[in-house]
Amino acid sequence: MIGFDKAFETVMSFAKRVESENVSLSQANGRILYKDIFSDRDMPPFDKSAMDGYACKSSDLNKPLRNIETIPAGYKPKKSVGQGECSKIMTGAMVPQGADCVVMVEHIKEEKELVHIVKQTGLSNICYKGEDITQGDKVLHAGVQITPAVIAVLASVGCDPVPVAKRPVVGVLATGTELVEPSQSPNAVQIRNSNSYQLCAQIERAGCMARYFGIAEDTPEHIDRMLKKALAGSDIVLLSGGVSMGDFDFVPEVLQRNGVDLKFEKVAIKPGKPTVFGVKGDKYFFGMPGNPVSTFILFELLVRPFLLSLMGGQDCHMRLKAKIKETIKRKKTERLEFIPIELSNDGFVKRLEYHGSAHIHAYVKANGIIAFPIGEKEISAGTEIEVLLI
Ligand code: AMP
Ligand code: MG
């Protein structure tokens, strides 16, 4: 049995970066950006009015002004604003030469064809050229996962198509004679296969392509047949179930029979002790215990960082420190144990009702996990602890 850090290090040492491809901006959400992106222009690209109003000289605010031009957005002002003059201007339009402020429309009164300023705020109401971004600035780092805000930045610098990491195809295979698909009615001794659907959703969330291969019964022959299919159709195969010490746990044996080199078979974590990681050429295998929380957690802790790293992605989970509301205790201390928590509105970490590795329902409410280090029985109230947001 190895420790979690060693298991993580082993897995990550195999994460060779995949190649890139170009996808259209409208298809880029959730993908991993492959290259650094630089701005091709200043932002704003010109001195821009932040308000609908009148552009004028700030030294003229106490005088009635003559309106000389109307400037909509997308129009290049033709006239320079002189003393005693103003130009009517719309939000987002270019501030004309000669003007150094914009008085919002709510603060003027028009009378006898002159513009009178009735309230002064001291604000210029101008967004200055280049105040957000200067041409040539790096606006995005390779490795970020593309979110809606990233999409906006890519669009604003004209990056379409977008260079992204190719998506590894991650095959999912469930093992367990007791399993039926969610659409089927289970008999008294059957269990609905939730892991495969959960894993596919986790894979997609990680920016990869999920491929589901079905349920293998707990026989070496059936697992072997299904594994061969999954192997042919994916870059990485995730198996759930069949990795423990039971009479019908054949996954490690079948992997080995297929030439997979098992790098580890047991990790000192809870849940997820009998976790298997194997390599065959440029294909990778994760065998995870079948209890839904085990597959969920193992995916987040080992598989997701691996997948992201394959695509050149870095930040996997957000980590932050927060204090524990009430003391949390446990009896056995020989494994690193992960438990679901709720980081609540008051900023404290609250324990959730959690009955163990079959209790995936606890994770509907959970927004993070915390770890009990090996050897520690108790995390006392008030302790500041690292929370991994999931
Ligand atoms: P195993 O790791 O095969 O010993 O399975 C441990 C527990 O997880 C058993 O109660 C299984 O019925 C359950 N289980 C295994 N595979 C799945 C699955 N795909 N979906 C939901 N539960 C599962
Ligand atoms: Mg099983």
Notebook entry, point to check: Are I32 and V303 in one and the same hydrophobic cluster, where Ile, Leu, Val, Met, Phe, Trp and Tyr link if side-chain heavy atoms are under 4.5 Å apart?
Noted result: yes
| field | Verdict with reasoning, F286 to F299, per ring pair (Phe, Tyr, Trp, His ring centres under 6.0 Å) | value | CA-CA 9 Å; F286 291 85; F299 183 92; 8.5 Å; no
Check your understanding: Taking atom types as modelled and ignoring hydrogens, do the side chains of Y363 and Q198 form a donor-acceptor contact shorter than 3.5 angstrom?
Key -> no
Without hydrogens or angle criteria, can the side chains of T134 and D42 be said to hold a donor-acceptor pair below 3.5 Å? no
Item checked: Check: L123 main-chain N/O paired with T121 side-chain donor or acceptor under 3.5 Å -> yes
Review point. Can you say whether the rings of H359 and H361 are parallel (under 30°), tilted (30 to 60°) or perpendicular (over 60°)?
Key: tilted
Checklist entry - Where do Y75 and E69 land on the side chain to side chain donor-acceptor pair (under 3.5 Å) test, with the steps shown first? => result CA-CA 11 Å; Y75 168 91; E69 192 179 14; 2.9 Å; yes
When rounded to the nearest 0.5 Å, the distance separating CD of Q145 from CE of M311 is 7.0 Å
Note: R257-E253 ion pair, threshold 4.0 Å (strictly below): yes
| query | Do I370 and V293 share a hydrophobic cluster, counting only Ile, Leu, Val, Met, Phe, Trp and Tyr and linking them when any side-chain heavy atoms are less than 4.5 Å apart? | reply | yes
Given the options E204, E19, E21, R167 meets salt bridge (Lys or Arg N to Asp or Glu O under 4.0 Å) only with E204
**Asked** Any side-chain heavy atom of D160 within less than 4.5 Å of one from S24?
**Response** yes
Could you see if I203 belongs to whatever hydrophobic cluster contains F285? Use Ile, Leu, Val, Met, Phe, Trp, Tyr and a side-chain cutoff under 4.5 Å.
no
| said: Any non-hydrogen side-chain atom of T219 less than 4.5 Å from a side-chain atom of H222? | reply: yes
Neighbour count above 12 (heavy atom, 6.0 Å) for E353 CD: no
Any donor and acceptor pair, going by atom type alone, linking the side chain of D52 with main-chain N or O of V105 inside 3.5 Å? no
Check your understanding: Does the cation-pi check pass for R17 over Y34, that is, NZ or CZ under 6.0 Å from the six-membered ring centre and within 45° of its axis?
Key -> yes
With sequence neighbours left out, the residues meeting side-chain hydrogen bond (donor to acceptor under 3.5 Å, both in side chains) with E265 are none
When rounded to the nearest 0.5 Å, the distance separating CG of N291 from CD1 of I297 is 12.5 Å
**Q.** Between D137 and S39: side-chain donor-acceptor atoms closer than 3.5 Å
**A.** no
Sorted by chain and residue number, the side-chain hydrogen bond (donor to acceptor under 3.5 Å, both in side chains) partners of N22 (sequence neighbours excluded) come out as none
Compute whether any side-chain donor of one residue and acceptor of the other, for H116 and E110, lie under 3.5 angstrom apart. no
Review point. Do F306 and Y284 have ring centroids that are under 6.0 Å from one another?
Key: yes
- Compute whether any side-chain donor of one residue and acceptor of the other, for N258 and K228, lie under 3.5 angstrom apart. yes
Side-chain ion pair, E337 and R330, N-O less than 4.0 Å: yes
### Query
F277 and F14: aromatic ring centres closer than 6.0 Å?
yes
By side-chain contact (heavy atoms from CB on, under 4.5 Å), K88 pairs with (sequence neighbours left out) Y54, N67, T70, M90
Is the positively charged end of K325 above the ring of F348, judged by distance under 6.0 angstrom from the centroid and angle within 45° of the axis? yes
### Message
Just so I know, are the side chains of L238 and T295 near enough to count as touching, which here means a heavy-atom distance under 4.5 Å?
### Response
no
* Consider only side-chain heavy atoms of I, L, V, M, F, W and Y, link residues closer than 4.5 Å, and tell whether V276 and L227 are in one cluster. => yes
Between the CD1 atom in I385 and the CD1 atom in I328, the distance rounded to the nearest 0.5 Å is 7.0 Å
*Let me see the working for K109 and E111 under salt bridge (Lys or Arg N to Asp or Glu O under 4.0 Å), right down to the final yes or no.*
CA-CA 6 Å; K109 207 169 68 187; E111 224 174 61; 3.8 Å; yes
Worksheet entry | Residues E378 and T327: side-chain donor-acceptor under 3.5 angstrom | no
